[in-house]
Amino acid sequence: MSDADPVAWVMIEPGWKVVDSSGEEVGSVDEITGDSSNDIFNGLSISTSFLGKPRYIPSEHVGVITEGRVQLRLTKEQVGRLEEFEEPPTTAEILPEEAGALRRAEASVEAPLHSHEDLLTLLSRLMHSVPRAHEY
């Protein structure tokens, strides 16, 4: 597979390079949100700086995805104005009052596609920023 071959959103991994609409690097993938079992891609959080909070990129602003690289449909200035990423709340199936205790215990709980602790986020941002630091 060449670098130009598109890949599905489920292939995106933390650390992949994120570029703006002109191809200029704006950060790296921090987290992917969606439901892979139903092929629903919600968006990405990206790290734009080592100490800064991740920015949320809704899926409609994601353009071409290739191995190791996500190109946005936004300019660098537009990326800078995006809101900070907030971890989506865990969702749970709502059961009727008459559901038995066994059914309630079996109810599934879903979490974000890739979730991790704040420490891991800080460490991953450090790891993601190191390769970019030597490129400049």
Side-chain angles (χ1 to χ4, degrees):
M1 178 183 300
S2 73
D3 289 337
D5 291 333
V7 297
W9 72 271
V10 294
M11 300 297 293
I12 300 171
E13 295 181 10
W16 279 22
K17 183 190 304 189
V18 179
V19 298
D20 69 5
S21 57
S22 67
E24 184 177 345
E25 186 171 349
V26 293
S28 62
V29 174
D30 190 54
E31 199 167 311
I32 302 93
T33 60
D35 179 352
S36 59
S37 62
N38 291 310
D39 196 24
I40 299 172
F41 175 42
N42 293 329
L44 304 168
S45 74
I46 66 167
S47 298
T48 56
S49 66
F50 175 63
L51 296 176
K53 295 261 186 179
R55 302 273 179 196
Y56 180 68
I57 311 288
S59 61
E60 60 267 17
H61 296 303
V62 174
V64 178
I65 304 167
T66 56
E67 185 82 27
R69 184 176 186 262
V70 177
Q71 183 158 14
L72 305 177
R73 295 183 177 129
L74 300 171
T75 65
K76 187 174 186 172
E77 292 75 29
Q78 290 171 316
V79 170
R81 291 191 299 263
L82 291 171
E83 295 182 17
E84 291 180 357
F85 176 71
E86 293 183 23
E87 186 81 30
T90 300
T91 59
E93 182 180 357
I94 299 174
L95 301 171
E97 291 279 331
E98 59 274 359
L102 181 59
R103 174 68 178 112
R104 289 184 180 278
E106 292 174 343
S108 64
V109 175
E110 297 178 13
L113 191 62
H114 297 283
S115 87
H116 41 68
E117 301 296 324
D118 289 337
L119 177 60
L120 182 56
T121 301
L122 181 61
L123 291 174
S124 66
R125 277 196 221 136
L126 176 61
M127 295 294 291
H128 301 168
S129 65
V130 170
R132 287 197 313 263
H134 69 74
E135 292 175 4
Y136 300 109

Quick one: does Leu74's side chain get under 4.5 Å of Leu82's, heavy atoms only? yes

Using the rule that two of Ile, Leu, Val, Met, Phe, Trp, Tyr join whenever any of their side-chain heavy atoms come within less than 4.5 Å, decide whether Val29 and Met11 are in one cluster. yes

In Å and rounded to the nearest 0.5 Å, what is the CD1 to CD1 distance from Ile12 to Ile32? 6.0 Å

Once rounded to the nearest 0.5 Å, what's the spacing between atom CD of Glu84 and atom CZ of Arg55? 6.0 Å

For the OG1 atom of Thr48 and the CD1 atom of Ile57, what is their distance to the nearest 0.5 Å? 9.0 Å

List the steps and the verdict of side-chain contact (heavy atoms from CB on, under 4.5 Å) for His61 and Leu72. CA-CA 6 Å; His61 296 303; Leu72 305 177; 5.6 Å; no

Could you tell me which non-hydrogen atom of Val10 sits nearest to which non-hydrogen atom of Ser36, and how far apart they are? CG1-CB, 4.0 Å

Tightest non-hydrogen contact, residues Trp9 and Thr33, listed as CZ3-O, 4.5 Å

Which pair of heavy atoms, one from Gly15 and one from Ser28, lies closest together, and at what distance? O-CB, 4.0 Å

Can Val79 and Ile46 be said to form a side-chain contact (heavy atoms from CB on, under 4.5 Å), step by step? CA-CA 10 Å; Val79 170; Ile46 66 167; 4.0 Å; yes

Other residues, nucleotides and ligands only: do more than 12 of their heavy atoms fall within 6.0 Å of CD on Glu60? yes

How many angstroms lie between CZ in Arg73 and OG in Ser59, if you round to the nearest 0.5 Å? 9.0 Å

Any non-hydrogen side-chain atom of Lys76 less than 4.5 Å from a side-chain atom of Val26? yes

Here the pair of heavy atoms bringing Tyr56 nearest to Asn42 is OH-O, 2.9 Å

Just wondering, do Arg69 and Val19 contact through their side chains at under 4.5 Å, heavy atoms? yes

For Pro54 and Asp30, work out which heavy atoms get closest and say how close. CG-OD2, 3.6 Å

